[in-house]
Amino acid sequence: MSARAIREHDGKLILSKYVKSLRGGLQVARIEAETKSSIVGLPETIPATLQGSLNTKEAVTLSESDVRKQLDGIFLKAESQHPWLLSKKLVVKPDQLIKRRGKGGLLALNVTWQEVKLWISERAGKEFEVKKKLKNNTFICLFKILFF
Amino acid sequence: MFCSEGGVDVGNVDEKAVRMRIPTGEIINCEQIKNQIIPESLNSKARDSISEFVFDLFSVFVDLNFTYLEINPLVYSQDRDTIHVLDLAAKLDQTAEFESGKSWNAALKLNEQDPITIDFPAPFGRDLTREEKYVADLDAKTGASLKLTILNKDGRIWTMVAGGGASVAYRYVHLRINTLF
């Protein structure tokens, strides 16, 4: 099937570039809070997306302080690319095709950049439960927060 | 579809929204949009601005090969006559990447210093395993539909749901193995 969902961030950028009448302006920043981890037995660092692979027995994640350092680097990069983050009130949410983020506690409204950094640090790389309602059945997805 | 109510608790949009059906290839104009779906309860300036926005949105939807686009909520500021997109869900036609890919990526470039291409994340925010990612990469390069979803990595039951493409491939392999032995 070729109809593929895209991130909210990307959709908003496409609209802000091509829809002339969006005079209100749209400012979005992508924070890739993906924690890199190394898998036991393999020489190079492999992205966190490979942790679920059938061929690996164990995936070793970085220590808390290394995660912190990585996040700090990511935040600094975002500040330099998007200085408006420092002065405006912000909204932060994961952008990985999860629905009902507000009801799932995955949405922070009207917060400062300091609060955003804390909010992301508390959630990045962690597993969250999302209930998906499919007609009469509900099933639970566990996923890792990767992108904001 | 257009609805003057929006937000998280909008409820059943199917019942509340007004629909405008546009056959493929039909050219429409702003006036038609205004008359058919923008509520008359709004004032004249709001109706003009919102219908112009919807018209532009539809043009982009068609020109850039979207297959789905939902904005909820859409906020219109009366004082400043501005429109704000607060939340958005969209799907693109990946087989149109050859003609629209440059335009998609050009929009992303606004925000990034490094060159970047649009990505299509796994549904429900799931990570892909290495095997799923490999099959997904194959899927992107072909008109056939190739999907792999690991539901239970310790499971021993594999269901092979085959449509026109995969079923032909399975049959071919099956026949080849049978003729070899």
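Just so it is clear: chains get the letters A, B, ... in the order the sequence lines come, proteins before strands, and each one is counted from 1. These figures come from a predicted structure and were not determined experimentally.
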Top residue by heavy-atom pair count (under 4.5 Å) with chain A, among Leu57(B), Leu92(B), Ile118(B)?
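Among Leu57(B), Leu92(B), Ile118(B), the one with the most close pairs to chain A is Leu92(B).
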
When only pairs under 4.5 Å are counted, which of Ala89(B), Ser77(B), Ser103(B), Ala96(B) shares the most heavy-atom pairs with chain A?
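The answer is Ser103(B).
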
Go through the atoms of [X] and report whether side chain, backbone, both or neither lie under 4.5 Å from a heavy atom of chain A.
| X | result |
| --- | --- |
| Val60(B) | side chain |
| Phe66(B) | side chain |
| Ile71(B) | side chain |
| Asp87(B) | both |
| Tyr68(B) | neither |

Tell me, for Ile14(A) versus chain B, whether the close heavy atoms (under 4.5 Å) come from the side chain, the backbone, both or neither.
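Contact with chain B involves both backbone and side-chain atoms of Ile14(A).
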
Pair Glu8(A) + Lys93(A), salt bridge at N-O below 4.0 Å
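Salt bridge present between Glu8(A) and Lys93(A).
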
For [Y], is there any backbone N or O sitting under 3.5 Å from a side-chain donor or acceptor partner on [X]?
| X | Y | result |
| --- | --- | --- |
| Ser80(A) | Lys77(A) | yes |
| Asp56(B) | Val19(A) | no |
| Arg47(B) | Lys34(B) | yes |

For Leu109(A), side chain to side chain contact (heavy atoms under 4.5 Å, CB included) partners two or more places apart
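Listed in chain order: Val91(A), Leu107(A).
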
Classify the angle between the aromatic ring planes of Phe75(A) and Trp113(A) as parallel (below 30°), tilted (30 to 60°) or perpendicular (above 60°).
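Perpendicular: the ring planes of Phe75(A) and Trp113(A) meet at over 60°.
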
